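The structure appears below as structure tokens.
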Protein chains: 2
Amino acid sequence: MSNEGDTQISELEREIIDFFVNAATAFGIPKSVGEVYGIFFTSEEPLALDDVTQKLQISKGSASQGIRFLKSINALNSVYLTGDRRDHYTAETKLRDITDGFIKERIRPQLQSSSERLKILKNTKKSKHLTSQLNTLESWTKKGKLVLPFVSKFLGSNEPQKII
Amino acid sequence: MSNEGDTQISELEREIIDFFVNAATAFGIPKSVGEVYGIFFTSEEPLALDDVTQKLQISKGSASQGIRFLKSINALNSVYLTGDRRDHYTAETKLRDITDGFIKERIRPQLQSSSERLKILKNTKKSKHLTSQLNTLESWTKKGKLVLPFVSKFLGSNEPQKII
DNA sequence: CAGAGTGTTCAAGAAATAATGAACAATTTG
DNA sequence: CAAATTGTTCATTATTTCTTGAACACTCTG
């Protein structure tokens, strides 16, 4: 029966949420997911599902799915509040944790399946030119896989980086 | 009046094109753009607009827009063929060139506008918590900007990389 | 154990995005 | 300079993707 959740969000909060909506869209993630992360990010207190629906005025379904996705990439942390059986979360704000989750759940599987498909294609009869192009693609996926840990490490550090 | 363009594409070529359709989708780029790059990538000879429409069976509009986008990120190279006034292109296959084009045309502008919007928000009156969150966001965009040249260099090299 | 509280699922509708193709502008050719 | 060739634009249509909300399952609580 909680009812402090329907607090209006401020203009600044809305701006910050929009920041995440933009970012989400850029990463091919639904707008509503960006909003959900945004509301957690702006909130000092842990929020539950219906706080999200009330503050953002989105459906329970969207909020539920948004939270699930954000949990899957470690962008939300569970918080247990005594005397309230709703699940509460706070935004994870360590960029590296979120990046790692995103890489692990979204990028790696995609790269992996691409490189597996390529492997199969290498066994087919083909022209010189296509052989060469397949080798090019193979090197691309390899580089893709190799760059990920470096991006992760880079985003996790607080110091300037150098490439040697 | 050229008419060698209506050659059927092979099963393997279709697979390679699908590879790019997948990749394009993952980057939030329309399927048709992936197809267009794919047909150039598989072709040994330079192709013109109507070769693309015939081989892929897509509309002239899609092909034209796909080519324009691909040129804008340096994924296609112009080739001038004497005795044919149509524009011809080949696929650029240096990963770094394409990556750089994509970063310059798509990613940097997005990051830039985000960080400008953030700068404005920093001047508004706000709570301790939101001040702190805005600082977090600022550090994220900074790291984003810094990581790009690193990714570019990494993808351009043929040697293993280390971070120091 | 009936009723209330909480979260999930997924079919249907709404919204956003992409593809088409006809009209057009620009250029070249005979 | 008329006709043909080439490529672009953009309103319309088609497709894909997202959001909604009602039905459901599960868990608590009195």
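Worth saying up front: this structure is predicted, and the values here are computed from it rather than measured. We name chains A, B, ... by the order of the sequence lines, and we start the count at 1 in each one.
- Classification of the A:Phe150-B:Phe154 ring pair by plane angle, with boundaries at 30° and 60°, yields tilted.
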> Using a cut-off of 4.0 Å between protein heavy atoms and nucleotide atoms, how would you tag nucleotides 11-30 of chain D 5' to 3' with B, S and -?
Replying inline: -------SSBB-----BS--

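- Taking B:Ser152 as the reference, B:Arg96, B:Asp100 meet the side-chain hydrogen bond (donor to acceptor under 3.5 Å, both in side chains) condition, with sequence neighbours excluded.
- In this structure, B:Tyr89 atom OH and D:dG7 atom P are separated by 7 Å, rounded to whole Å.
- Taking 4.0 Å as the cut-off between side-chain N and carboxylate O, A:Glu138 and A:Lys122 count as a salt-bridged pair.
- Remark: P of C:dT6 and CD of A:Gln54 are 11 Å apart, rounded to the nearest angstrom.
- Per the geometry, OH belonging to A:Tyr80 stands 14 Å off C1' belonging to C:dT6, to the nearest Å.
- Aromatic ring centroids of B:Phe19 and B:Phe41 lie 6.0 Å or more apart.
- B:Asp87 has its CG atom 11 Å from the C1' atom of C:dT27, to the nearest Å.
- What separates CZ of B:Arg86 from P of C:dT27 is a distance of 19 Å, to the nearest Å.
- Under 3.5 Å, the side chains of A:Lys145 and A:Ser115 contain a donor-acceptor pair of N or O atoms.
- Applying the 6.0 Å contact sphere to CD of A:Glu116 captures more than 12 heavy atoms from other residues, nucleotides or ligands.
- Rounded to a whole Å, the CD1 atom of B:Ile67 is 15 Å from the C1' atom of C:dA19.
- Distance CG (A:Asp84) to C1' (C:dG7): 13 Å, rounded to an integer number of Å.
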